[in-house]
Q: 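Starting off with a structure, shown below.
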Amino acid sequence: MKFHKNAIVVFTLFSIHSFAQTFPNDGYSRPYTPITPAPIFIQGPPNQANMLIRQLSNSKNNTYILPATPSTTNWGYFDAGVPPALTIKSGDTVIIETLPAGGGQVAPGITEAQIDSINEDPMFPGRGPHTLTGPIAVEGAQKGDIVAVRINKIRMRSYATNNSAAKAGLFYDKFLPRVDSYYLDNDKMEMQFESNIVVPLAPFPGILAVARSKEEQLLPYTNVHSFNEKNPPSPQNSGWCVKMPGSLAGTIGCDSKQPGAYGGNLDLREMTVGSTTYLPVFIDGAYIWTGDSHAAQGNGEVDLDALETAFSELNVTITLIKKNERKEFGFWPVIETPKSWVTVGYDLNLNQALENLKTETTRFIESSRKVSKIEAEKIMIQNWNCPISEVVNEVLGTYCILPKKLNAKKALDIPKEDNKKFWVSYASDPKDLMAAMKEASMKSIGKMSKNLSITEDRAYRLATFVMDCRIGRPKEGAYDVSCMVPKSILRQEAKKRI
């Protein structure tokens, strides 16, 4: 069939114009010229022999590099069907590279509208925002075992972003969505938020996960827009996995957003250099992923994001613990720091997350210290030091920090008023921990705005980096929360002017 040349030109222009009109107003210039030729990505996992660093390996344990490439990363899904990017033995060390969210695109220069556009792509239902590196398979790991991931070193990129989306974050209805970019000073380990305000950097992986159980992969996906936090569905019936788009074999991919027993998006800032995270294994090989790399985060992560960056090096040593070798490790992750143990409680409802936390903390103390349940509960209350990790991932998080020292002094009650080190905002509610959290954190935002001479909008962004929200000792008929902000974020020369 022959076409007249002019007709082809007219048809082409009409097609481009019509195609351009279908795009949303997402901040991109349209139409645009695609890259020619299209990029060619190597299929399959990388050559493991070329990932081995022989100079750092010995006869017993190996050291590998796991770079972030198209074949070793996945955008928003823990893909249960992908072959391992790397297979290691217990005791091996892996130097992992990570990428920013959105397939590496959420970096300085991106707009809020563009982030919304890529995160709401209807072609990829149930896809989280994070870029994940992995999976790492561990030889000999079986269901019921534990993998211990010790963080040896973290090196960050020189930039970070923070995004508060239109329908996410604790106060999305009070503050306009926006994305901000920041320079990270890796020498001083700080970020300058304003000319007189500094955020100390404490990097950690927001996501450290194993593959979910086969039973959980088959649960129906929970539509979070169909319920409110006060009346969520049962966690036992909540699924976050879908059939992967374009998959002919029915491969399952699990949303990276919601944390759970498998770890995932825990947003737990205690998981930094020198810590070890103990993750329960749900399928053979464990399949470890990481991503959502943070430069700093407050307890609460209230505006949706932390100080989001990427790691040029997340250096970890992974050890396999066979079932029943360490009975103190159970169904939920446990974190070890040089001086403390950290237990967690997560749920779609913050009250229930706290109940889960108390149950898990009591179980851990009972098992690790070989005491009765009643004695374990007393020890928990005596040492009560329990922050709110995050309230923005649909599945909400709490945790307790338990001193390893057996004769540690009784932990102090949460403060209710300002002191020498912190600006303190306190709230209490007779029935709802989330209500107390919202009131205390909103008070804290207002106090930061006043004391730091910044707008409440800016204070909201700053809060997600520096605010430390903690739960008061459990008592009948009251949920107490104190949100603390360190006065040290204000430079000395600025303090003199106030």
Side-chain angles (χ1 to χ4, degrees), residues 146 148 202 204 259 261 266-272 274-279 297-300 326-347 350-391 396-417 419-422 424 426-428 433 436-437 440 467-484 486:
I146 298 289
F204 70 96
L266 294 171
D267 284 333
L268 193 59
R269 69 181 193 177
E270 305 297 324
M271 293 166 50
T272 188
S275 71
T276 300
T277 299
Y278 298 88
L279 294 166
Q297 180 201 294
N299 277 320
R326 299 281 299 274
K327 293 185 179 180
E328 69 268 34
F329 302 134
F331 184 76
W332 286 91
V334 173
I335 296 88
E336 180 182 10
T337 71
K339 294 183 179 181
S340 305
W341 292 103
V342 178
T343 53
V344 302
Y346 287 81
D347 195 87
L350 199 57
N351 283 12
Q352 188 59 49
L354 176 59
E355 292 305 311
N356 295 346
L357 173 64
K358 291 190 289 186
T359 299
E360 171 62 8
T361 304
T362 301
R363 183 209 63 77
F364 178 79
I365 294 171
E366 188 178 357
S367 179
S368 61
R369 298 196 181 186
K370 306 293 190 296
V371 296
S372 68
K373 182 178 180 181
I374 293 175
E375 184 63 23
E377 289 174 343
K378 290 180 181 179
I379 293 171
M380 175 182 68
I381 299 300
Q382 170 85 5
N383 295 282
W384 188 264
N385 179 14
C386 303
I388 296 172
S389 53
E390 57 80 17
V391 288
L396 315 175
T398 61
Y399 67 99
C400 281
I401 305 169
L402 300 166
K404 290 180 177 178
K405 193 175 180 180
L406 297 182
N407 59 346
K409 293 182 180 180
K410 181 179 179 180
L412 298 174
D413 290 331
I414 57 172
K416 297 182 180 181
E417 297 178 349
N419 54 51
K420 290 183 178 180
K421 292 186 177 181
F422 299 98
V424 178
Y426 168 81
S428 182
L433 179 58
M437 171 61 181
M467 189 171 67
D468 182 0
C469 295
R470 303 202 174 213
I471 306 166
R473 272 191 177 85
K475 58 185 179 182
E476 200 70 33
Y479 291 98
D480 299 336
V481 174
S482 282
C483 292
M484 298 167 283

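Because only heavy atoms are used, hydrogens play no part in the values below, and waters and symmetry mates are left out as well, while side chains stay in.
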Q: Closest heavy-atom contact between Y399 and E270?
A: OH-OE2, 3.3 Å
Q: I need the E360 CD to I365 CD1 distance, nearest 0.5 Å.
A: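 Result: 10.0 Å between the selected atoms.
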Q: A side-chain contact here means heavy atoms from C-beta on lying under 4.5 Å apart; do L357 and T343 qualify?
A: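 The answer is yes; the side chains approach within 4.5 Å.
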Q: With rounding to the nearest 0.5 Å, note down the distance linking CG in L354 to SG in C400.
A: 8.0 Å
Q: Quick check against the 3.5 Å criterion: does W384 have a side-chain atom that pairs as donor or acceptor with the backbone of G472?
A: yes
Q: Output the distance between atom CG (D413) and atom OG (S482), rounded to the nearest 0.5 Å.
A: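 Output value for this atom pair is 9.5 Å.
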Q: What heavy-atom pair brings I388 and V391 nearest, and what distance separates the two atoms?
A: CG2-CG1, 3.7 Å
Q: Check this for me: does any side-chain nitrogen of one of R363 and E366 sit under 4.0 Å from a carboxylate oxygen of the other?
A: no
Q: So do the side chains of M484 and V424 get within less than 4.5 Å of each other, counting heavy atoms only?
A: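 The answer is yes, as the side chains (C-beta and beyond) meet within the 4.5 Å cut-off.
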Q: Give a yes or no answer on whether the side chain of S340 reaches the backbone of I401 with a donor-acceptor pair at less than 3.5 Å.
A: no
Q: Do N356 and Q352 pair up side chain to side chain, a donor and an acceptor below 3.5 Å, judged on atom types alone?
A: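 Side-chain D/A pair, N356 to Q352: present.
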Q: Might you confirm whether atom NZ of K378 has over 12 heavy atoms from other residues, nucleotides or ligands at distances under 6.0 Å?
A: no
Q: Between A353 and T398, what is the shortest heavy-atom contact and its length?
A: O-OG1, 3.4 Å
Q: Please lay out, stage by stage, how K475 and D480 fare under the test salt bridge (Lys or Arg N to Asp or Glu O under 4.0 Å).
A: CA-CA 9 Å; K475 58 185 179 182; D480 299 336; 3.0 Å; yes
Q: What closest approach, in Å, do S428 and A478 show between heavy atoms, and which atom pair accounts for it?
A: OG-CB, 4.0 Å
Q: Does R326 reach the side chain of I146, with side-chain heavy atoms less than 4.5 Å apart?
A: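 Not in contact.
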Q: Please give me the minimum heavy-atom distance between R369 and P403, naming the atom from each residue.
A: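 Reported closest heavy-atom pair: NH2-O, 3.2 Å.
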Q: From E328 CD over to E336 CD, what is the distance, rounded to the nearest 0.5 angstrom?
A: 9.0 Å
Q: What heavy-atom pair brings Y346 and L266 nearest, and what distance separates the two atoms?
A: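 That closest heavy-atom pairing would be OH-O, 2.8 Å.
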Q: Look at the aromatic rings of Y278 and F329 and report parallel, tilted or perpendicular, splitting at 30° and 60°.
A: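 Correct class here is parallel.
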Q: Is the backbone N or O of K405 less than 3.5 Å from a side-chain atom of K339, with the two atoms forming a donor-acceptor pair by type?
A: no
Q: Under the salt bridge (Lys or Arg N to Asp or Glu O under 4.0 Å) rule, collect the residues that match up with E375, sequence neighbours excluded.
A: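 Expected list: none.
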Q: Under the salt bridge (Lys or Arg N to Asp or Glu O under 4.0 Å) rule, collect the residues that match up with D468, sequence neighbours excluded.
A: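 Testing D468 for salt bridge (Lys or Arg N to Asp or Glu O under 4.0 Å), a comparison that skips the adjacent residues, returns R269, R470.
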Q: Rounded to the nearest 0.5 Å, what separation is found between the CG atom of L350 and the CG atom of L433?
A: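 Here the interatomic distance stands at 4.0 Å.
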Q: For the backbone of E377 and the side chain of T362, can you confirm whether one donor and one acceptor N or O come within less than 3.5 Å of each other?
A: no
Q: Would you say the side-chain atoms of T361 pair up with the backbone N or O of K358, donor to acceptor, closer than 3.5 Å?
A: no
Q: Kindly compute the distance separating OG1 (T276) from CD1 (I335), expressed to the nearest 0.5 Å.
A: 10.0 Å
